[in-house]
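Presented below is the structure to which this report refers.
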Amino acid sequence: MRNLLAAVAAVVSIAGLVVIGGTSTAGAAPVCAVDYKLNQWATGFTANVTVTNQSAPVTSWNLTWTFAGNQAISSGWSADVKQSGTRVTVSNLPWNGSLGTGASAQFGFQATYSGTNEVPTDFAFNGVSCSGDGPTTTTTSTTTTTTTTTTGVPPVGCGTAALCDDFEQQTGATPAGRWTVGAANCTGQGAVSIDNSVAHSGSKSVRVNGAAGYCNHIFFGTPLTGSGTVHGRFYVRHTTALPAAHVTFMAMKDTGDAGKDLRMGGQNAALQWNRESDDATLPAQSPQGVAMSKPLPTGQWNCVQFTVDPAGRLSTSLNGAAVEGLQVDGVPTPDIDQQWLNKTWRPAVTDLRLGWESYGDGADTLWYDDVAVGSSPIAC
Ligand code: CA
């Protein structure tokens, strides 16, 4: 019923571009220009922001503004994005702090709102207004707004998720914005691309060409913010049944486990979790354990839901049904979580990566869509 309602509701999404700053006719030019690109739906939006330093070179920067409404930022990327009340302060990360004259930095964020979503008007760069107002400065501020309106639906079932992405705003060949493509280990033949024809929602998804062999790891990933229990939900479809060999299609860096990955993937043709630090598997790879997991069906969109909590509990559902072998409840159960619980594990995951990691055999083509992570359960 919810999906039906979502399909019926015609929600207007707006992609807008506002340029603040402009040409100086007398005195100093504005110290900065800001491109603030919005993609919004009824209750939320993402903004991709480009700030250009038009003053002397800097080695660090911050950009501030005030929201006119009840916009509430839930996550940011490529900068440190902080909100206090209606006030937002964005600071550079170590790798994008140096901006020469005329150089730009890009960052983005996701937020919720209700009512109207006004573009901020009081951008300031390192404390100096971007509108160039000053006693000796006369500035002609030009504001250019280009708006395209399409009828669509918001990202599927976001609820209050801090991260919710349907990839509909991706315009390039590879995922951009909050997403980074790569792998910490060696990479080779694996590839990640935006697919404009296969989608769970809208018309776009992320396609992963996963190749066999250890040196073909490839992921697209994003940092996770916040702490406490992590609830995730994503849709995946793929072409090739999970192999007998161990493979991973989702990984999360676990700073509670020496920065090693918490992985979801497959082994013995069924879904499994794996802990990189000690190679524990969930379920145990006994025939009885494997039988309590499930294969990942091919040729259809599958909804995967998971919960990781700081006490070390883990739960997993596939297409709306809990998978018996993929639960860590704290009570050791033979063939399920007995091995997993041999070690005290207090996870603190700090990113989400989707893609393909094979340790030998196993190639697959996968598509991901409608990825959401938040602090409460997210429905299929
Ligand atoms: Ca989509």
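Each ligand, and each atom within it, is numbered from 1 in the order the structure gives. No experiment lies behind these values; they were computed from the predicted model shown. Residues take their numbers from the sequence shown, with the count starting at 1.
For Tyr368 and Trp356, the distance between ring centers is not under 6.0 angstrom.
Geometry note: the Ca ion (ligand 1) is the vertex, Lys204 O and Asp369 OD1 are the arms, and the angle is 90° (rounded to 10 degrees).
Cluster annotation: Leu99 is connected to Val31 through the hydrophobic network of ILVMFWY side chains, with a link wherever side-chain heavy atoms come within less than 4.5 Å.
Nearest N/O/S atom of Glu168 relative to the Ca ion (ligand 1): this is OE2.
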Would Thr307 and Asp309 satisfy side-chain hydrogen bond (donor to acceptor under 3.5 Å, both in side chains), going step by step from the backbone distance to the final call? CA-CA 6 Å; Thr307 301; Asp309 86 8; over 6 Å; no
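In this model, no donor atom of one side chain and acceptor atom of the other lie less than 3.5 Å apart for Thr333 and Asp335.
What you find for Val308 and Met252 is that their closest heavy atoms are CG2-CE, 4.1 Å.
Metal site remark for the Ca ion (ligand 1): Asp166 contributes an N, O or S atom at a distance under 3.0 Å. None of the N, O or S atoms belonging to Ser203 lies under 3.0 Å away from the Ca ion (ligand 1). The Ca ion (ligand 1) has no N, O or S atom of Ala199 closer than 3.0 Å.
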